[in-house]
Amino acid sequence: MAALRLAGKRSLELLKLHFKPAKPSEKFRPFLMRYGVFTGADGEQLDEVLAVYMPEKHSYTGLDQVEIFCHGGQQIVRRILGELVGSGARPAEPGEFTKLAFLHGRIDLTRAEAVAQVISASTEASLKAGREHLFGAYSEHIETIRDDLVTVIADIEAGIDFLEEDGESDNAASLARITSIEQKIARLEQSYDGGRIINEGFRVVIGGRPNAGKSSLFNLLLRQERAIVTGTAGTTRDYLSEWIELSGFPVNLIDTAGLRQLGGSIEKAGQARAEEMISEANLIIWMVDLSRKTWPSLLRHDLTELPKIPILLLLNKIDLIQQTKKDLVRKIDSTVSSSTVITSCKSGRGITRLKTKLVEAIESHMPDMTSGLVVTSARHKGKLGQALRDLRRARKNLVAGESPELVVFDLRQATSALDEITGRIYTEELLGRIFSKFCIGK
Amino acid sequence: MVSTDFDVVVIGGGHAGVEAALAATRMGATVAIVTMDPDKLALMSCNPAIGGSGKSQLVKEIDALGGLMGMAIDATGVQFRRLNLSRGPAVWSTRAQADRLAYTKSVVDFCRRQRGLQIIEGVAGEVLVDHGKVRGIRTESGEVILSKAVIVATGTFLGGLIHIGPEQTPAGRLGEPAACKLSNSLRNLGFEVGRLKTGTPPRLDGDTIDWSRCEPQPGEEPPPWFSYRSSPRELRQVVCHMTYTTDDTKRLVTANLAESPIFSGQIKSTGPRYCPSIEDKFYRFAEKDRHLIFLEPEGMGTSEIYPNGFSTALPESIQRQAIRTVIGLENAVITRPGYAVEYDYCPAYQVRPSLETRRVAGLFFAGQINGTSGYEEAGAQGIMAGINAVNHINDAEPLVLDRSEAYLGVMIDDLVTRSTTEPYRMFTSRAEYRLALREDNALDRLTRYARQYGLIDDQEAVAFEKLCAQTEQEVRFLRNTTVRVAELGPFESRFKKQTSVSLSHLLKQPGVGLEELLLIMKKGGKPRRPASDALRRAAIQIRYEGYIAKQQREIEKFKRQESEVIPDGFDWQNMNGLKNEAREKLLRFTPSSLGQASRIEGVTPGDLAVLAVHLKRFRDSPA
Ligand SMILES: Nc1nc2c(ncn2[C@@H]2O[C@H](COP(=O)(O)OP(=O)(O)OP(=O)(O)O)[C@@H](O)[C@H]2O)c(=O)[nH]1
Ligand SMILES: [Mg+2]
């Protein structure tokens, strides 16, 4: 099933041109779904479709609007689009519908951004965060914080403009309020790490010495799980990046070049890249080749050099050695506190357990999605951080007995930062930046 | 019938009218003030004081633009002090008690000496308009005065109606007739005329007050003068007093609420929330048992006292009882009763940011007619209307100050984008760029305009330049002079890691002002430095520089939006894509820039984006 949307004065006219209703006697009524056939200009019947008309001001875009639901198939959709364009429609620019909706006051800025996210959402978790924003829980939350902030400002301002003789204003109350606002914003800001995982996927980087079986694992996981995005091109000497979905979470799986490899400059470059990738991971899968005699000492050394990021240790090629799990674990327990899985990429042993461990790790990093209060946009995080810095300064000044006009200055700055999230304050650049992010004409 | 020709006719000789007339004459225009009583120019109808939070900044701006208010109060004030001293120099606000009659006399004397200014006794009854252009006025007695511009500055006289208890008397001030014909003339010209209310307390005979029961409040020494042009004078400052209402006051006022026209339904218009009547105070803040009352002298040669905070419209007999329930006023005698006054105003969406009316070219509104209250707000608009009346006559661009330049700009922008429905009073919190709009730098902000329009003479300009040079010198001194941390006394602990610290650094510490700094220098054995104006200015400049640099980015953003000018002739009617509410608001206020449109209530970012699109289309379309 595919949905096509037309907006603008001539929408209904275009629909009538191509839509042959099953019950011709019935008239088009707003919001009434009708069944019929979509025909080309030459009379050819292209597809059975459902069509609905939404009048100006009541539609998403605020303009006269028509939606057509067809049976899909790239081919058919393309033909129907072609027919409509042939009759005078113009393909929407990226984000144009949402922009229209925003411009007509149907949605506020955070919602517009949420639409962008829903559109580009490729997994369920991501979709959910987008939807929560869309339904406004998030803007409402920010509005409440802003409201608190304005109350504090008003209290302090009153002390400046109105308390000519009545003594000092109540600093303790203001301080308590500011602290509580700070906490709320901080919590929201911190949710970005989780929000980013929702948006950009959980980054799992497979690292290890050369020949440990990294690429084997990478391919194995790709084969077993649904790949949702085709990967960034890279040579085996550089790195490979693919997307898989693990129980509803988007996972960005990255295969790197083996570290400590002797070789030419290309290999050196690959190692540098691998190190960079590893340092940006949400989780490192560190693979060890059990068939190599020296592996325990190598591992001990490597672990001291890895960044402080959660590590999942994979003892691979178990099929090649005759040791019990107990023996192996005894060899490493002095060095490792991270969780360990014993695998064979050849036999597939331990792979299920690995996946369970992966999902556990992801879940422990995921924000609480039930509140819907997750920051998923870097722009929002930036603004929240700015507000937080302003609030901290205000609080510090208040405590130090700094005069109230300066305390208010920082509080007002914090308010502006929040306003820029909900779009209360209008700046052309801001709009431009947001709408340029839209990649389809929803 | 005598016809007289002037460049500008100013209707009304209040605070707005006087500043308007003086500014216009200084710019070389011939000006007539038409007023009921030429001996009562710039009379203080309400409280005998100039300045206060937000207002003093306006007075300093009037002064920087060559206006009279600051000099007049310096010459006739009886007590001067600064409010908000514990709250940072950006909001320090000078306030002075005036000798009411002396103030008026000094303004009358000044105006009589002003070349090019004539004061005509009369009541304006009609604004004469020909083809949308102002032609002059006709007085109620039929005299026609022709002019190229007319400034309406009528205060509370326009359709004034005084209420004392159930009694109603048409009057502008107690005992002075109202101007009713003029309102009708404005209505006939198509102006929307609304109604506002304000009030004043009864006046008391100071000899009947038991001062021993009230808390004295002396002035500040040396007196903080308003004008940089005044030469300091010897002044033995009078003492004000504070007192409180009692439970009896609360009981009495509450029991008689129904007798007050404010509560009986007789007065329908809105009064100012920030200056409520005593009835309002006890009604709206029922949980508060007592209210503060300031007892302010009306002048040197009179024993009359203004009980600030006791504005009322109760019947006179109840006022008499009620006032005697206040501590120290047990035997007080009322010399004049308090009252509420309703008057006409024209919601300010009808004027442009230049204060010229949209409807009639050459007709300007200033002061209470635009919905403001207060002498300072009136005077500030007066000076702008005077300047722009002459600019209009000269076919020159109007002078419009923006929100980042002056309180004056904040006020006029608020008026034209919001059209207040309650009397508008200035507050420092209305100015978003408050840290940059201070008493101490009004000159730096506005002197160039004063020079551009010839509002100050060369001597004054030179004096300002000298002050700037001295200030810079003091800034350098403060930056380059260091003191040893060991000598900092109570501030020592803040600089644990250093052995010495610059004075400029110290000034940025909470609790360190110029006074503390001078003390530290003295202890450190530094040569004594007089606390000159220049040094004071330098210290304040340094204290705020970090913040102002930060604010500058906001100001630039603001200026960008202001520079998106919406030209005259822009087609407001055919803008599709707008919500109805927004369309109505935009049509009503016809903002002159995108920035201004953004400040109109009810206009959303979405509406603005639509407006921006139409504006671009309008600009791009071949003319
Ligand atoms: N027996 C056995 N062989 C394995 C296992 N995993 C990988 N191999 C083999 O080990 C060799 C190296 O595997 P790769 O996956 O290319 O190793 P890599 O870590 O990607 O190596 P580099 O990219 O060169 O660093 C291949 O021949 C694999 O078939 C395993 O679990 N058991
Ligand atoms: Mg490999």
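Order of the sequence lines sets the chain letters (A, B, ...), proteins ahead of strands, with each chain counted from 1. Just so it is clear, the values below take in all heavy atoms, side chains as well, and ignore hydrogens, waters and symmetry mates.
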Exercise. Between Gly511(B), Gly88(B), Gly54(B), which residue shows the highest count of heavy-atom pairs closer than 4.5 Å to chain A?
Worked result: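 Sorted descending by pairs with chain A, the first entry is Gly88(B).
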For this session: May I ask you to name which of Ile153(A), Asp410(A), Val407(A) has the most heavy-atom pairs under 4.5 Å with chain B?
Result: Asp410(A)
Exercise. Just wondering, do Val59(B) and Thr94(B) contact through their side chains at under 4.5 Å, heavy atoms?
Worked result: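 A side-chain contact is absent here, since even the closest heavy-atom pair is not under 4.5 Å.
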Atom [atom1] in [X], atom [atom2] in [Y]: separation rounded to 0.5 Å?
{"X": "Leu406(A)", "Y": "Leu411(A)", "atom1": "CG", "atom2": "CG", "result": "11.0 Å"}
{"X": "Met426(B)", "Y": "Ser373(B)", "atom1": "CE", "atom2": "OG", "result": "11.0 Å"}
{"X": "Gln57(B)", "Y": "Asp440(B)", "atom1": "CD", "atom2": "CG", "result": "10.0 Å"}

For this session: Please check if any side-chain donor atom of Ser53(B) sits under 3.5 Å from a side-chain acceptor atom of Arg87(B), or the reverse.
Result: no
Problem set entry | Side chain Gln79(B), main chain Gln217(B), donor-acceptor under 3.5 Å | yes
Exercise. Considering the options Arg430(B), Lys55(B), Arg434(B), Glu376(B), which one meets the side chain to side chain contact (heavy atoms under 4.5 Å, CB included) requirement together with Tyr407(B)?
Worked result: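 Looking at Arg430(B), Lys55(B), Arg434(B), Glu376(B), the match for Tyr407(B) under the side chain to side chain contact (heavy atoms under 4.5 Å, CB included) is Arg434(B).
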Exercise. Heavy-atom distance under 4.5 Å to chain A: side chain of Gln551(B), backbone, both or neither?
Worked result: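 Both parts, backbone and side chain.
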Problem set entry | Side chain, backbone, both or neither of Arg543(B) within contact of chain A (heavy atoms, under 4.5 Å) |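 It is the side chain, since no backbone atom gets that close.
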Problem set entry | For Pro55(A) against Pro30(A), the heavy-atom pair lying closest together |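 Distance-wise, the nearest heavy atoms are CD-CB, 3.5 Å.
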Exercise. Given that the side chain runs from C-beta out, which part of Glu56(A) has a heavy atom under 4.5 Å from chain B: side chain, backbone, both or neither?
Worked result: neither
Exercise. Which of residues 390-399 of chain A have a heavy atom under 4.5 Å from any heavy atom of chain B?
Worked result: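 Residues of residues 390-399 of chain A touching chain B at under 4.5 Å: Asp390(A), Arg393(A), Asn397(A).
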